[in-house]
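Read the structure below first, then the notes.
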Amino acid sequence: MKRAEEFSTCPLCGSDVKLENMLEHKFKVHKEEMDAGGEGSLREEGGVTDTELKVACDKASDMMSDGEFREAAKLFKKIVEAEPKDFGAWNDLGFCMKKLNEPDKALNSFEKSIEANPEFGHGWLQKGNILFTEKENFDGARECYEEALKHDPKLLQAWHNLGNVHMKMGEFEKAMRCFDEAIDLNNEYYMAWMSKWQALEKLGKSEEAKECFEKAYDLNPRYVRKCVDALEAGSTNITEESDMLPKEDGGKR
């Protein structure tokens with residue numbers, strides 16, 4: 001939905017600027033002036049206000065929703081420079097960098113998000129996803145998902161992805177317990193039903209596995225066919241396909 005255009009007067013030069021562009025205006029026109037005050041000066045009188053940050057975050061989030069990840073990343077960088085403790089903006093920046101195939105920069109942003117708020121479950125989740133799908137650091141990913149769940153036990157994706165890690169490590173009983181937790185939270189979570197099918201097949205429980213497969217197919221036949229195609233193409237399990245992971249949310253604040 002298009003936001004009504006609001007204007008505000010820049011306290012540094014007196015120009016009338018669209019409120020949604022004020023943060024960018026100050027960085028482009030007055031950055032040197034604001035930096036002259038030293039550390040923290042971006043948030044001092046004449047610098048960046050809470051309202052300007054919120055409007056800029058909304059604008060960047062809209063860009064991200066529209067798939068404009070490069071432009072969104074540029075704005076999120078300005079936001080976190082102005083407010084380094086904005087863990088949600090760091091998380092959104094990491095999400096954008098991941099979409100731009102910059103896993104190291106994404107990882108750094110997720111770590112900054114966690115540093116700003118160690119209890120932010122989504123930050124731990126996103127860091128775990130990078131370690132899992134990009135770095136193949138399964139122990140590190142497992143620790144991140146467990147940390148995410150410590151702070152947010154109802155974080156559906158963390159349960160599912162923790163199960164995926166256990167699948168990679170050959171720990172099929174542990175994987176199945178994780179998938180059950182995800183299903184308990186959302187009985188229509190077809191990804192967890194499909195993953196549980198695979199875990200049960202690995203454990204030789206074919207009849208139970210069949211029920212899970214049918215449940216997943218009833219919920220989302222297209223996804224199930226995609227998983228089966230991945231297995232037939234040579235994947236040892238469906239978690240080898242990074243797009244088999246649940247779709248990430250952007251900045252959950």
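At least one donor-acceptor pair under 3.5 Å links the side chain of H151 to the backbone N or O of P118. For the pair N220 (side chain) and Y223 (backbone), a donor-acceptor distance under 3.5 Å is present.
Residues N129 and Y145 have side chains that bring a donor and an acceptor to within less than 3.5 angstrom of each other.
Looking only at side-chain heavy atoms (C-beta outward), E201 and S206 come within less than 4.5 Å of each other. A heavy-atom distance below 4.5 Å is not found between the side chains of C144 and L125. Side-chain contact between M63 and K59 is present, with at least one heavy-atom pair separated by less than 4.5 Å.
Residues satisfying the side chain to side chain contact (heavy atoms under 4.5 Å, CB included) test with A216, not counting sequence neighbours, are W193, M194, V224. Remark: K205 engages no residue in a side-chain hydrogen bond (donor to acceptor under 3.5 Å, both in side chains) (not counting sequence neighbours). Judged as a side-chain hydrogen bond (donor to acceptor under 3.5 Å, both in side chains), and not counting sequence neighbours, the contacts of D180 are K196. The side-chain hydrogen bond (donor to acceptor under 3.5 Å, both in side chains) test applied to K54 returns D58, not counting sequence neighbours. With sequence neighbours left out, E71 forms a side-chain hydrogen bond (donor to acceptor under 3.5 Å, both in side chains) with K74. Every ring pair (Phe, Tyr, Trp, His ring centres under 6.0 Å) that F213 has, sequence neighbours left out, goes to W197. Taking E68 as the reference, nothing meets the salt bridge (charged side-chain N to carboxylate O under 4.0 Å, His left out) condition, with sequence neighbours excluded.
Going from atom CG of L53 over to atom NZ of K78 covers 13.0 Å, rounded to the nearest 0.5 Å.
Annotation: side-chain hydrogen bond (donor to acceptor under 3.5 Å, both in side chains) contacts involving residues 100-110, sequence neighbours excluded, comprise D104-K135. Every pair passing salt bridge (charged side-chain N to carboxylate O under 4.0 Å, His left out) that includes a residue from residues 108-121 is listed here, sequence neighbours excluded: E111-K127. Sorted by first then second residue, the salt bridge (charged side-chain N to carboxylate O under 4.0 Å, His left out) pairs that include residues 137-158, not counting sequence neighbours, are D139-R142, R142-E146, E147-K150.
Taking all atoms of both residues into account, the shortest heavy-atom contact from A141 to V165 is CB-CG2, 4.1 Å. Across all their heavy atoms, P153 and L185 have their closest contact at O-CD1, 4.0 Å. Here the shortest heavy-atom pairing between M64 and F69 reads O-CE2, 3.5 Å.
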Checklist line | Residues Q157, Y189; criterion side chain to side chain contact (heavy atoms under 4.5 Å, CB included); working and verdict | finding: CA-CA 10 Å; Q157 293 176 14; Y189 192 21; 4.1 Å; yes
Exercise. Please walk me through it: do C178 and H166 pass side chain to side chain contact (heavy atoms under 4.5 Å, CB included)?
Worked result: CA-CA 9 Å; C178 292; H166 285 307; 3.8 Å; yes
**Message:** For a side chain to side chain contact (heavy atoms under 4.5 Å, CB included) check, start with the C-alpha distance between Q198 and L231, then their side-chain angles and the critical distance, and finish with the verdict.
**Reply:** CA-CA 10 Å; Q198 191 183 23; L231 290 169; 3.9 Å; yes
Between S113 and D86, does the side chain to side chain contact (heavy atoms under 4.5 Å, CB included) criterion hold? Intermediate values first, please.
CA-CA 7 Å; S113 175; D86 189 338; over 6 Å; no
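L131 forms part of a hydrophobic cluster together with L107, F110, I130, judged by ILVMFWY side-chain heavy-atom separations under 4.5 Å. Taking Ile, Leu, Val, Met, Phe, Trp and Tyr as hydrophobic and joining them when side-chain heavy atoms fall under 4.5 Å apart, one finds W124 in a cluster with I114.
Less than 6.0 angstrom separates the ring centroid of H160 from the ring centroid of F179.
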